[in-house]
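Following: one structure in structure tokens, then a few remarks.
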Protein chains: 2
Amino acid sequence: MQTFATSNFMKKKRITLVDLAKELELAASTISRALDNHPGISIETKEKVLKKAEELGFTRNSIASSFKKNKTLTIGVIVPRIDIHFHSLVISGIEEFAYKAGYNVTIFQSRDSLEREKEITKILQNKMSEGVIICLGTETNSYEHFEKLNRMKVPLVFYDRVPTGMEANKIVINDFESAFKATEHLIEIGCKRISHIGGNQSTGIFKARFEGYKAALTKHDFPIDESLIYFTKDLSYEEGALFAEKLVDLVPRPDGVFCSNDYTAVSAIQVFQKKLVKIPEEVAIVGFSNYPISKIIEPHLTTVNDRAFEMGLAAAKLLIGQIEEEEEIIQTEIITIKTELLIRESSSR
Amino acid sequence: MQTFATSNFMKKKRITLVDLAKELELAASTISRALDNHPGISIETKEKVLKKAEELGFTRNSIASSFKKNKTLTIGVIVPRIDIHFHSLVISGIEEFAYKAGYNVTIFQSRDSLEREKEITKILQNKMSEGVIICLGTETNSYEHFEKLNRMKVPLVFYDRVPTGMEANKIVINDFESAFKATEHLIEIGCKRISHIGGNQSTGIFKARFEGYKAALTKHDFPIDESLIYFTKDLSYEEGALFAEKLVDLVPRPDGVFCSNDYTAVSAIQVFQKKLVKIPEEVAIVGFSNYPISKIIEPHLTTVNDRAFEMGLAAAKLLIGQIEEEEEIIQTEIITIKTELLIRESSSR
DNA sequence: AAATATCATGCAAACGTTTGCATGATATTG
DNA sequence: CAATATCATGCAAACGTTTGCATGATATTT
């Protein structure tokens, strides 16, 4: 067919190193080295090569290069969802560090599905990524799929939701201590009955926050009052409202609430406000994570800044460090990012 | 040195197709085809190969494969910032579609820097990505760097902030019409003096929203009152408050405000509330973009759902369609995603 | 001036897969 | 039963770059 032949014929071939070499009557190796600014190549040649490359619109085929060098300069990132602010901040940090180190970042969403998480690790086994940064999905209870990557010598770094009982690189915040400090802050401003709206206790970080809450109470000789403690399924805004409704009707009413995230805290603020309970005078509220909304809600919400961006930076730095390590990696690292309690109006007495 | 030699020696080589072939006394080509489930290979052989591959922990070197097939199954995405909710939603949509189509997504942040945007396009010229999805940074005023990619036959799809005057694939929402409808909605519920807090007018989408606002007023024989119109630099929460302060003191006060995004709208709600102006009774407020906060702020904010996730899906679909097109691409497409006005309490009379 | 060091470039193999074509063995047809 | 179709597998080249080593030409040292 005429048209087919024509369209095929028109498929212009990309310019390669060899084309450039022929054009300049040099060896391909010389071109390659010239483009690498190799010291063994004369300045004049380098200039000629650069000029010609520009002229012919030549750019290196990075796949061929990756193939030969066995380096892709790509790292993979698996997150439950990208559109959760915390994760998008972490990814932003990862991308920032990776970009400056010359690495590309390929992202995958597990959508909290274990099956999909496994599928993704299969894809990542193909040496496409030189290392992987992971935040576990909620369904993940075994780590065999990651162990496998590990055995294939693919460096791994986990962040936030990290595997318990598996030796691995981890970037975490000190959830226990952060919660401890947040609760202690409530005690210090004079709260006597401090409630907790917590996350799913099968997730390590939420359990640690609850433990921190309890430890602070205990330290100051406060009783642990079960009637003041509620655990949500997924720390949603709606669940927060549900439990806040219960808290507001208690007699005596709690005068402080430590919530495991900002959504539930904001929800609590609104529920208490609707019942005309003054914040922070009658009840002080503290959240966790420093979501954008915490600076917008009235009163502004006291919360724990978990430094998500810095977690991303740290994760990328650790991972790339291990990728570029010549010797075999024989150690794992656990890095704890320092949090800070941002005291705002919701707990300023 | 002993240790060096040892560690070098220990660097276990990856299993290749050829290793597998030797082990099974088959040709490499047979292995390759077996793994591809090629019809020309007998079931028994396929089973043997699969079994052995599993046994030896073989996985294809996808770089070698990409290199040979000249297909990377990777698309690039350039966004100003990942941690802006709108973009993270779009990326989520892109990843979702791409994943199901067997493509990987590599992300880059331009951070609204033209220089960085150009750098990224340079990186993307290396045939690493088979196509690119882009949201322009604020600094971007020329498109030469993208034209260059275009000339190299790399399919491009722009979304949201798209290049004006450049023929290209674009995924947009109808900003004009959305703003028109939002404003008309305010008119329909009885607002007589409708204000506008707009975005930077050098950005197409914000200009279009302003035009839509004006058109709705004009259609209903309302005057365009300059004193009711403010343009922000970047539609920040803070800027919104600044201009809302001015609006609330006007006599007569506006009884409706159409804001070009939700941050400024939320800010306006709070400023009006502080001055004890009742919403929606005395002033109705409408935002744009359906940020999470719009469902949380009291009263809940009426806003335009821009369907960011769907934009991502559409962008990926269009791009991958073009990547897989055999014939030369001789057309560009502009897809307009339908928005919807979500009427909530802030404008419910 | 011979011996040696330095410099600029070229040669050729290698990386691991894919794929068109060839091959030989069975199965099917007239 | 000869001719042909179908099937399962193998051969070998190719993809574009990188890199250790070789080479020949100058420059520098004895």
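Note on naming: letters A, B, ... go to the chains in the order of the sequence lines (proteins, then strands), and numbering restarts at 1 for each one.
- Using a 4.0 Å heavy-atom cutoff across all strands shown, A/E44 reaches no nucleic acid atom at all.
- Rounded to an integer number of Å, the gap from A/L73 CG to D/dT17 P is 16 Å.
- When base pairs are accepted only as Watson-Crick or G-U wobble with both N-N or N-O distances under 3.5 Å, DNA chain D takes part in stems of 3 or more pairs at C:1-30 with D:1-30.
- Aromatic stacking of B/F67 on C/dT17: not satisfied for centres closer than 5.5 Å together with planes under 30 degrees.
- Residue contacts shown for A/S65 are limited to sugar-phosphate atoms, with no base heavy atom under 4.0 Å away.
- When the side-chain nitrogen and oxygen atoms of A/R60 are compared with OP1 and OP2 of D/dT18, one or more of them lie within a distance under 4.0 Å.
- Residue B/T45 is classed as a sugar-phosphate contact, given heavy-atom separations below 4.0 Å to backbone atoms only.
- Among the protein residues, A/I63 comes within range of no part of the nucleic acid, since none of its heavy atoms lies under 4.0 Å from any strand.
- Ring centroid separation for the pair A/F97 and A/Y103 does not come in under the 6.0 Å cut-off.
- Counting any heavy atom pair closer than 4.0 Å across all strands shown, B/T16 reaches sugar-phosphate atoms only and no base atom.
- Nucleotides of DNA chain D nearest to B/E25 and A/I15 differ in position, and the one nearer the 5' end is that of B/E25.
- For the 3.5 Å distance criterion, the side chains of A/R111 and B/S92 qualify, holding a donor opposite an acceptor.
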Determine, step by step, whether A/I107 and A/I91 satisfy the side chain to side chain contact (heavy atoms under 4.5 Å, CB included) criterion, reporting the C-alpha distance in whole Å, the side-chain angles of both residues, the deciding distance to 0.1 Å, and the verdict.
CA-CA 9 Å; A/I107 43 164; A/I91 296 174; 4.3 Å; yes
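- Evaluation of atom-type donor-acceptor distances gives no pair under 3.5 Å for the side chain of B/K68 against the base of C/dT17.
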